[in-house]
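Just below is one structure, and these are the notes that go with it.
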Amino acid sequence: MPAEPGPVPAGGPRPCPPPGDFHSEQQYQQQKFSHQSSGPPYRKDQYFPREQNRGERGRGRGGWQGGHQSASEEIPRYITVSTFAQARAAEMKAMLKAVTQKSSNSLVFQTLPRQMRRRAMSHNIKRLPRRLQEIARKEAEKAVHQKKEQSKTKCRKARRRHVNLVAEFNRRQRKNIWLETHIWHAKRFHMVKKWGYCLGNSPTEKCYRACYRAMTNHCLLQDLSYYCCLELTGKENELLKQLARICSIDTGLTFRVAHCLSGRFQGSLNLYRADRYPEDALGPVTFIWKPRDGSENRQLWIWMHPALKQDILNELKEIFQCSEPEKVYIPEPATTSAQEEEQMDVVLSLGKKRKKKDKEGEKAVPVKKIIGDGTRDPLQSYSWISQTTGVVISDRTMEIIRYRLIGPLSHCVLTETLKAASLQTMADSESELNNWWVENCKDSEKVSLHQRQTAIFELLEGISSPSEMPPGTILGLTVGDPRVNLPKKKRKTMPDPEKYQDNDKVRQLYLEGVPVECAHSFIWDQDICKNVTENKISEQDLNQMRAQLLVPGSQLDLGPCESKIPILLVQQPGKMAGEDRPGWGSGWDIYLPKGWGMAFWIPFIYRGVRVGGLQEAANHSEYQRTPHTPNDFPDCPAGMQFAKELEATLLEKFKRRPPAKRANYIKLGTLSPFICPWEQLTKNWEGRMNASEEFICPSPPHAENCATEGNGFCDPEPEVAKEASPETGEVEETMEITSTEGAIKREDDPGSQNFGERDEALTRGFVVLRSKKLLMQVAAWCYPTSGKDRRIRLISRLGQKEMTEDVFLPILMRYPRALVWVSLSLLRKGNPELHAMICIPTEDDLLHLSKDKLFCGPQEPKHRDIFKKKKKKKMEKEEEKDNVEALESDSPSVLDEETTEEHEDLILGLWPDTLPDVTSHCSRTLLGYVTRGDFSLAAGCGEALGFVSLTGLLYMLHGQPADKKGLVLLRTPASLQYRFARLTIEV
Amino acid sequence: MVRFKNRYVLCQVVAEEPRGRPCIEERAVGSAVKDAIARAYGDYGLACCSGAGPAVKYLNAYTGTVLLRCRKDFYRLLCSALPLVRQLESRGLRCPCFLSTLHVGGTIRSCQKFLIQYNRRQLLTLLQNCTNEDERQRIRQSVLSCSLTEEQSHSGEEEEEEDEDDGTETD
């Protein structure tokens, strides 16, 4: 018996009998059978003679049992009362439901005819006719409720009153943490809620190009305070010993690198899970060591993106065995513990959590929130200690404000905004304002240090671009209140040509960089930071003092009351890899103690900087051709999470279009337009490699292998392509077999050593190749050899080997499933998009390209939508099913139902979950995907960044002619047109 | 405000044979009505009813209720053609039947209201003519089940209400 009401044809908002109807009917029929045997129902015939002519009309089918045609003649005509009544009742119910529903959108009294309207009907329900009063009451309640919600807030004046405003702000940032510049941003930016913060995405004004210009010519400011800082404190050896486990020398720097360890430079590296390199990446971080200051404990800051924080924090806790929170721990420098305890207190008092930390703040008046971290549970602790090694990990997120200035004039802005603090020997006795600074000024050594720092800072003005400083230079400084020398009008800072005269010292600065001592800053000391935060002169007081000046508008001189703020300046290196635009996008990061955010922000704005949001940050990294966190880290958990979210949003956007207006990605040959199937890509490439290796391996070691191997590489490819029909099951099976064979054969290959590693890699998906040496090698191979002889020069420069298989086979053995970060620039037309496909051009394509100057690229032949029919069938089947159910035949084949269920989640134009072989689905072999692509204002052509399979890349380079090396085809997901692009790897 | 006015004809399909039930489906009824109009009034009649012509707005195969829509100007044409429907045809099955007009209304809503009244009347007569106690119980139950408000009530209350209903019904 069907579960759904069958007979009413689908479509249209018609009322239909409720589902229960049928079941009951069946029951009744069964009961009827029993009755039939006993006899009594026969009598009904006689009892319904009067009604017969009327009841006859439609009820026959309700009462007559079964559809047994042969028997129907003999059975006497009679009616089952129950089914008849049941059907009527069901219909009545449906109709009642339909009638009582209010069809129009208007209020009840509006639907009344004119003559029945009465005055003040909406006010007094009793003026309505009785039958409508109930509905009207409901409506009125709703309206009242709405109004109440609105009127909950008081009048605007009351709402804008400072106390209420602050309370409201505190309430609103309970879920997503606000940065200190939030209000400023919220007025000018599209805000998004991400990673537990409220962040500005991009300005509301049109400024795409203007922001680019600011980055290249002037200065772009960005609030990076949402970046998380983990502080590690402990003995240097202990720290280094454990930290060495989570990074690898292969990828470039480690925590141990001498110039970073001294505290002179900032370093950046990729973290991995302990001892798991090259798998299980955790993400990129930057780190700063506190310069040595005599004590045996070192401090280390690790800065990371909030999306990565939880993973990294957990890993750090694990390797240092820091399980218990700080509470238990009492020894260690008293300075930090006191701070810690207070933090704990603040955390524990949930209601007033994270209000300003001084005691006066705990009055009834709500105090502006200064600290807080959205990525942390309020009850979680801030810091953890290891019992064995004494290493303390503390989470200093939102404790330090970080602004980034990008652009060549960023140090002009810096030097103009910041003025080094003046020395002060007289302490203000009653307040603790600046007492640390007074203390400091008594020490002649520290005074001289401060003077040297100031001198270097002033020298910066004479440098034309921050890229001229050594990358990652750190300069500590103590500055005065930047609000004091605020210019009257906002204007652009321009470099002063006179300052360039100071040649000697500037040259010395170029050559030697900033000395180690100058990297020292008081910002490392939490006590001082706290003091500085608490003793900030409020904006109001400052304005009052300005108003009391004798000459209005003259410079305000606070004298000894002026706050001294310890800051840290860190140079950001900008574009270091690649050949064009060296040093583009370099700038300074400035670290401030919390609470001082707006005090520094506004002075910067007054120097004519442009402000960017997340979008601009993404553009910055795109033009620098560096991977952007967390978008471009597909192998770390945050990156995967990001990809999933992106897919969901894109899919939702896709579904919002009417089906007829959607792109049919199946016809376009795009398997996954919304997510990059890295795992399958690498797996398929590995499978192909193993399949082709069969051809090589039997041939004896590298004698005449060049020719044979070329064949080996080329031959199996068309085969696979041919076989790559939708049912690739067979192909994959053969691949599986060959892969195992290949593995066995490889064991006697002398080139491969680490089998254990390889097997592990096999089990666990893909890795991203970050080994500097290998990348260098592959990058060199990507250049065209003949032509301008560029590659020979490069080889001689880099000392690279020729591309022969005894060089690259071991690489493939080691990294069977690896991705390489590549950048692509289009040769001619074309604008790459997100998730565009990177493909290998065929020989014909390359030939055509060299002959025809205007050849834009080949076209992908249109694919057939094999799922369309199935989907249609499914829809028909559903309709049919209803009818079949109406017929009450129990024939619906089980098979059909299964097939329909199988394609339950079909969306027209998208592949269902299981993808066929991604590499050979289209006419050109797929190499990888673009994760970010756009028209590049810097290069003047379309540029894209993405990942390709290492195996595929080597295969392609091996097969390509010397002058065409590194040429690939790009195709956007919603197009059939391929475009030529040059692939480069920048190390 | 001017709107396009329609007439809705509520009729009942009365099959001569009980087997006719599967034949009652939207398409079959629609084509049968069109056929009848074509036979009676020719191309003119068909054209009159084609644009916003007789469309089957609602159909219940269990009670045989059909709601047809046509333009207000030509509803007489439709009503006069309805008796000419002699059989329904679907999937090769043909069953002799006829359509009896119950109500002609200006809105679907009014037809729905009429249908409620009509069904209620029918059920009441059924209840009155009932002899068997068992059947009487069942009819009562179904009568109870058709009202919206009593859906949520429990079985205990139902019994009480049943008595009340009984009283009102027999009045």
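Below, chains carry the letters A, B, ... as their sequence lines are ordered, and counting in each starts from 1.
Expressed to the nearest 0.5 Å, how far CZ of Arg120(B) lies from CG of Leu96(A) amounts to 6.5 Å.
At most 12 non-hydrogen atoms from other residues, nucleotides or ligands lie less than 6.0 angstrom from CZ of Arg76(B). Residue-environment remark: CZ (Arg39(B)) exceeds the threshold of 12 foreign heavy atoms within 6.0 Å. More than 12 heavy atoms of other shown residues, nucleotides or ligands fall within 6.0 angstrom of atom CG in Asp73(B).
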Do Glu91(A) and Tyr118(B) pass the side-chain hydrogen bond (donor to acceptor under 3.5 Å, both in side chains) test, and can you show the C-alpha distance, the side-chain angles, and the key distance before you say yes or no? CA-CA 11 Å; Glu91(A) 194 174 49; Tyr118(B) 176 75; over 6 Å; no
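When all heavy atoms are compared, the tightest approach of Ala98(A) to Arg109(B) is O-NH1, 4.1 Å. Arg88(A) approaches Asn119(B) most closely through the heavy-atom pair CD-OD1, 3.5 Å.
At least one side-chain heavy atom of Leu123(B) sits less than 4.5 Å from a side-chain heavy atom of Met92(A).
For Ile116(B), the parts lying under 4.5 angstrom from a heavy atom of chain A are both the backbone and the side chain.
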